[in-house]
Amino acid sequence: MAEYQHKAIESKWQARWAEQKVYKVTNDTTKPKFYVLDMFPYPSGAGLHVGHPLGYIASDIVSRFKKLKGYNVLHPMGFDSFGLPAEQYAIETGQHPAITTEKNIATFKKQLSILGFDYDWDREVKTSDPSYYKWTQWIFQQLFNAWYDYTADKARPIAELIDIFEKDGNRHVNAACNENIKIFTAQEWKNKSEQEKAKILLGYRLTYLDEVMVNWCEALGTVLANDEVKDGVSERGGYPVERKKMRQWMMRITAYAERLLRNLDKLDWSEAMKEMQRNWIGKSFGCEIDFKVVNSDITLTVFTTRPDTVFGVTYVVIAPEHELVPRLTSKLQKKNVEQYVQRAINRSERERQAEVKTTTGVFTGSYVINPFTGEKVPIWIADYVLAGYGTGVVMAVPSSDDRDYRFAKAFDLPIIPVIAGTENLENPTEIKHGKLINSGFLNGLDTQEAIQKAIEYAEERGFGRRKINYRMRDAVFSRQRYWGEPVPIYYKNGIPHLVPFEKLPLELPQIDQYKPTPTGEPPLARAKNWKYRDEDGNEYDYEHTTMPGWAGSSWYFLRYMDPQNDQTFCSKEASNYWNTVDLYIGGTEHATGHLLYSRFWNMFLYDMGYINHEEPFQKLVNQGMIQGRSSLIYKDKYENKFISYHLLDGYYGETVELHVDISLVRGDELDIEAFKKWRPEYKDAEFITEGAKLGRHESGEVIRGKFICGSVIEKMSKSKYNVVNPDDIVEKYGADTLRLYEMFLGPIEVSKPWNTDGIEGVYKFLRKLWNLFHDEKGNFFVSDEAPTKEELRILHKTIKKTEEDIEKLNLNTSVSSFMICVNELTALKCNKRAILQDLLIIISPFAPHITEELWHLLGNQTSITKAVFPTYNSEYLIEDTIEYPVSVNGKMRTKITFDANASVETIQQVVLSDEVVKKWLNNQPAKKVIVVPGKIVNVVV
RNA sequence: GCCGAGAUGGUGGAAUUGGUAGACACGCAGGACUUAAAAUCCUGUGGCAGUAAAAUGCCGUGCGGGUUCGAUUCCCGCUCUUGGUACCA
């Protein structure tokens with residue numbers, strides 16, 4: 001008697017696969033390669049939840065499928081193990097983040113291993129491992145030692161730039177560099193001090209130091225992400241946050257803007273994803289125009305994409321944080337301006353952009369001359385202008401820009417219509433393109449023509465120039481944190497120097513507390529005796545900031561190719577063989593962060609000749625999120641009293657909403673006793689229940705009623721107590737069921753809340769599959785009879801569907817087709833080896849354990865993972881007749897069966913003489929009969 | 001605000017390129033087996049009207065329009081949910 005015993009089968013095969021290293025991947029092989037990758041997880045303390053495996057199962061299915069199709073498949077897993085939560089935990093408990101992280105990784109690995117993934121664990125990488133971050137630091141140093149040559153359109157070694165400076169100065173250098181670098185000759189370069197030279201070079205390097213605005217929280221002594229700031233105060237603790245300029249390491253990703261944009265066309269990513277990156281890069285064509293400030297030597301340069309509307313400029317707006325603001329402010333306006341700037345600067349950029357209802361701004365007291373008209377217009381300050389975009393100054397054309405229009409209305413500034421048809425409109429910005437009016441030499445021209453004409457005019461007269469602008473900014477690389485890669489830099493006389501390669505990795509030092517120093521220095525400043533020592537024994541300070549989370553994750557896909565190499569980050573042989581990632585699965589939340597930074601680093605390594613592919617991820621698929629269903633409980637604001645969900649309306653007091661652990665709730669009903677034990681402060685809480693009148697049951701038992709919780713669908717997170725762990729499901733149903741079920745839930749890209757309601761159906765399917773191989777008594781029983789035509793049709797229909805579905809990643813419908821196949825074979829009582837053996841192979845990528853077991857019961861000696869995917873034969877699917885749906889005016893009314901090769905004329909004739917069709921024709925002749933061969937007939941009445 | 005995605009029965013979802021809306025599964029209802037329950041199996045199941053039961057008709061893919069012989073699919077305008085918005089990863 002052998003029933004389907006998932007536990008025994010799964011642990012047996014997992015052990016055997018590990019023991020025989022079935023999933024070992026080698027780099028030298030004659031087989032074609034396939035590289036399938038998941039975005040690696042951050043090992044959080046909550047462990048793996050049911051959302052993580054969604055993508056992992058999909059990639060595992062593809063990996064196993066490609067192996068069956070004869071590919072050498074690289075399908076690795078590792079951990080993005082630097083990050084804030086471990087550090088936060090360290091601050092609170094004093095526990096070293098490395099210890100927490102190791103523990104969390106162990107939990108994750110254990111959880112991953114019971115799901116039966118085909119990872120080669122010998123290739124695991126961890127970003128917080130010094131043997132890994134040695135190479136992250138090395139890449140940083142390569143970026144430090146490089147500059148971007150726009151003429152060659154690639155990065156080059158900084159030594160070559162120094163050569164050019166020595167021979168020719170920087171006059172002919174077309175490089176990505178800081179804006180304030182002055183032109184110098186070779187002789188001038190040679191005369192500069194080492195200090196000066198270092199400063200200039202820093203302005204060219206692909207990683208450099210700069211002063212940038214950050215959210216500084218004095219009380220926490222650290223910089224906060226925009227996410228961590230709510231309404232101008234820190235989310236944690238509610239301390240005030242100010243915007244402040246700090247010296248930070250930057251990454252010159254803008255050098256790559258054009259290539260990052262251009263290459264998108266070559267990638268097999270969703271249009272949505274490419275669009276997001278395009279918008280992030282934000283390329284726009286336009287020009288700069290110089291506006292001279294009246295009675296001053298200052299010139300304000302604006303960037304505009306609409307120089308055609310320059311005759312409609314009625315004022316100019318400058319960003320509150322712009323450095324010229326103090327010089328432009330008149331005595332009379334000083335107080336107003338200072339007040340305004342103070343307030344505006346402390347608002348986040350997102351807030352400033354999002355706010356459209358209230359328009360704010362202040363007049364500086366200064367004026368500029370519009371070089372096209374010679375007219376004098378006022379300079380205003382407004383927070384809708386950001387210092388970081390364009391030049392930080394805009395020319396305002398209230399008649400054709402919405403924000404300018406609102407601003408002009410609010411402050412009663414003039415509006416000059418410049419586009420024909422807008423003269424008499426209440427809101428002229430409704431029409432943005434057309435023939436120009438009130439615009440001097442541009443009158444009568446169309447928008448596009450006028451733009452070109454205006455730029456030419458400005459260029460000829462020297463007060464403007466054609467300009468391509470990008471919205472993308474250089475990336476801030478420094479973090480005022482402990483748990484990240486140390487930046488391999490030390491300072492000598494204030495000039496940054498690279499820690500020599502032999503001294504890498506520069507390991508994280510031990511510190512007493514994981515907090516910033518009392519003076520607001522980053523945590524690494526606490527390290528005792530942590531200094532760089534040169535040969536002469538001189539000591540220098542190391543850089544005290546660490547690298548951001550995205551540093552380690554920007555190149556990990558290369559390390560998997562050659563994970564143990566201690567000579568280089570990844571050997572050329574390995575990267576030449578594995579090349580680009582063929583399928584990358586991960587969430588859309590990485591659209592503009594990780595996926596741009598990785599492309600940038602990969603492109604840089606390509607430029608420097610370390611790898612041979614320019615793009616890291618050829619095909620990208622975005623998996624949706626599995627959301628959690630949180631349970632909510634309502635507590636009286638002042639008393640230790642809880643109110644059941646449906647009684648809230650009638651409750652007299654004020655209540656607060658709290659998250660309650662979902663393990664204490666069954667179908668919205670709270671287990672009150674368990675809840676009292678959950679938190680000591682609730683031990684004596686009072687509960688107002690519902691659903692039953694208080695009283696006594698006939699048996700004498702007191703009727704208590706039910707306590708019902710509210711619920712909300714949101715991100716699965718430890719802090720929301722809504723995490724569902726896959727372990728319990730595997731325990732009850734097995735990994736094969738979980739794998740099939742997660743795929744069966746729906747398309748991989750769609751987000752949905754976790755819900756186990758349908759899991760029984762999938763479990764039943766596996767039992768039915770098992771029963772195909774067993775008789776009623778449970779004995780293994782398979783026949784060697786030749787299959788019938790019908791059985792072959794069922795099998796080959798499924799082979800075809802599965803293959804198409806996996807290629808397109810429609811894994812939910814493959815599971816359905818397996819169910820249909822097994823249902824049909826069960827109905828035919830088919831237990832033929834010729835059919836079942838192939839069926840096992842096609843199901844094996846989805847349910848590797850049960851299929852491996854049955855495969856061996858069939859007498860096979862080697863693993864099913866080494867089998868060959870069956871070839872679909874179209875001959876088995878040919879049908880002699882086709883049943884046509886016949887519709888009248890597009891509505892299906894009847895069905896008529898025709899010979900597969902019946903002519904259109906025959907079909908029309910038969911259809912028109914059909915009783916049902918006649919009824920709808922009602923003795924009128926049909927206006928039209930449309931026959932789509934093989935598909936449908938439509939009669940138009 | 002800006003950029004991206006989505007909305008189909010009681011539920012998860014299916015529908016290949018514009019061609020039978022609701023595959024497959026859950027749930028529910030009824031039945032078989034059983035002393036009973038569980039498990040298993042069978043039948044039915046979008047809504048409304050209609051019928052003894054059928055037949056049959058009408059409505060129906062977030063809302064309002066449009067294109068088409070034919071629209072879940074294409075176009076225009078909305079609503080709601082959701083991801084990103086540069087120091088969460």
Side-chain angles (χ1 to χ4, degrees), chain A residues 39-42 44 80 82-85 88 214-215 222-229 248 253 270-280 282 348-357 384 388 402-403 471-481 548-550 553 587-594 596-597 622 624-625 627 713-715 741 744-747 749-753 755-762 764-765 767 804 808 810 812-813 815-820 823 883-895 927-930 932 934-941:
Chain A
M39 289 184 187
F40 63 172
Y42 173 76
S44 85
D80 188 12
F82 275 130
L84 266 187
Q88 195 51 41
V214 292
N215 302 314
T222 193
V223 173
L224 299 175
N226 283 333
D227 271 47
E228 301 171 295
V229 185
Q248 310 273 0
I253 188 172
S270 70
E271 264 315 304
M273 199 53 127
K274 291 189 198 178
E275 198 57 24
M276 277 192 261
Q277 291 215 339
R278 283 190 195 110
N279 289 329
W280 182 268
S348 73
E349 284 187 11
R350 199 185 303 176
E351 237 179 355
R352 282 166 57 177
Q353 294 283 290
E355 189 76 73
V356 291
K357 282 174 209 124
Y384 73 85
D402 299 303
R403 277 176 311 186
R471 199 182 72 97
M472 183 163 73
R473 306 196 294 254
D474 280 342
V476 183
F477 195 68
S478 287
R479 297 291 182 268
Q480 333 292 308
R481 308 281 182 190
W550 56 266
S553 59
T588 45
E589 66 270 27
H590 299 286
T592 49
H594 165 61
L596 267 175
Y597 299 134
N622 297 116
M625 268 201 316
Q627 294 147 316
I713 304 293
E714 57 191 353
K715 208 166 170 170
Y741 182 60
F744 188 63
L745 270 177
E749 314 87 42
V750 178
S751 292
K752 59 217 137 222
N755 174 359
T756 50
D757 283 354
I759 201 163
E760 288 285 345
V762 172
K764 256 188 241 173
F765 156 73
R767 287 211 304 267
E804 286 170 357
K808 280 186 277 182
N810 292 336
N812 53 330
T813 49
V815 179
S816 301
S817 70
F818 295 151
M819 288 174 170
I820 294 168
N823 286 346
E883 189 181 42
Y884 279 84
V886 177
S887 45
V888 178
N889 289 338
K891 265 206 169 1
M892 208 278 288
R893 295 298 178 188
T894 186
K895 288 174 186 176
K927 278 189 192 144
K928 214 177 190 180
V929 181
I930 292 155
V932 184
K935 278 271 164 72
I936 201 172
V937 180
N938 190 19
V939 181
V940 186
V941 180

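Order of the sequence lines sets the chain letters (A, B, ...), proteins ahead of strands, with each chain counted from 1.
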| said: Whether R278(A) and E271(A) form a salt bridge (side-chain N of Lys/Arg under 4.0 Å from carboxylate O of Asp/Glu) is what I want to check. | reply: yes
| note | Rounded to the nearest 0.5 angstrom, the CG-CD distance for L224(A) and Q480(A) is 10.5 Å
| query | Starting at CG of N755(A) and ending at P of G10(B), how long is that distance when rounded to a whole Å? | reply | 16 Å
| message | Go nucleotide by nucleotide along RNA chain B from the 5' end; which of K891(A) and S887(A) gets its closest nucleotide reached first? | response | S887(A)
| message | Checking contacts here: which listed nucleotide (C69(B), U40(B), G83(B)) is nearest the side-chain heavy atoms of V940(A)? | response | C69(B)
| message | Check the orientation of F477(A) and W550(A). Use parallel for under 30°, tilted for 30 to 60°, and perpendicular for over 60°. | response | perpendicular
| query | Among U85(B), U20(B), A23(B), which nucleotide sits nearest the side chain of S816(A)? | reply | A23(B)
| note | Closest of A25(B), A89(B), C87(B) to the L84(A) side chain is A89(B)
| field | Whole-angstrom distance between G22(B) and A7(B), as gauged at atom C1' | value | 16 Å
| said: With rounding to the closest Å, how many angstrom separate the C1' atoms on A52(B) and C59(B)? | reply: 26 Å
| request: Please measure how far the C1' atom in G77(B) lies from the corresponding atom in U45(B), and state the result in whole Å. | output: 38 Å
| For the pair made of OH in Y741(A) and P in C24(B), what is the distance, rounded to whole Å? | 18 Å
| said: For the C1' atoms, the ones on G27(B) and on G18(B), what distance do you get once it is rounded to whole angstrom? | reply: 34 Å
| G47(B) and A29(B): how far apart are their P atoms, nearest whole angstrom? | 15 Å
| query | Where does G9(B) land, syn or anti, once you apply the within-90°-of-0 test for syn? | reply | syn
| said: Please report the distance separating the C1' of G70(B) from the corresponding atom of G19(B), rounded so that it comes out in whole Å. | reply: 7 Å
| note | Sorted by position of nearest nucleotide on RNA chain B, 5' first, the leading residue of E760(A) and M892(A) is M892(A)
| If you look at every strand shown and take non-hydrogen atoms under 4.0 Å, does P41(A) touch a base, only sugar-phosphate, or nothing? | nothing
| remark: Ranking C87(B), U40(B), U20(B) by distance to the side chain of P885(A), first place goes to U20(B)
| said: Work out how far the P atom of G12(B) is from that of U82(B), and round it to whole angstrom. | reply: 16 Å
| note | Out of A25(B), C87(B), G83(B), minimum distance to the side chain of R479(A) belongs to C87(B)
| remark: Output row for RNA chain B, stems defined as at least 3 consecutive Watson-Crick or G-U pairs under 3.5 Å, is B:1-7 with B:79-85, B:10-12 with B:24-26, B:27-32 with B:40-45, B:46-49 with B:56-59, B:62-66 with B:74-78
| message | Let's test your reading of the model: under 3.5 Å, does the base of C69(B) pair with the side chain of N938(A) as donor and acceptor? | response | yes
| message | Base of U20(B), side chain of K935(A) - is there a donor-acceptor contact under 3.5 Å? | response | no
| Same-atom distance (P) from A32(B) to U51(B), integer angstrom | 30 Å
| remark: Atom CG of N823(A) and atom C1' of C42(B) are separated, to the nearest Å, by 13 Å
| field | Among C87(B), A86(B), A25(B), the one nearest N226(A) by side-chain distance | value | A86(B)
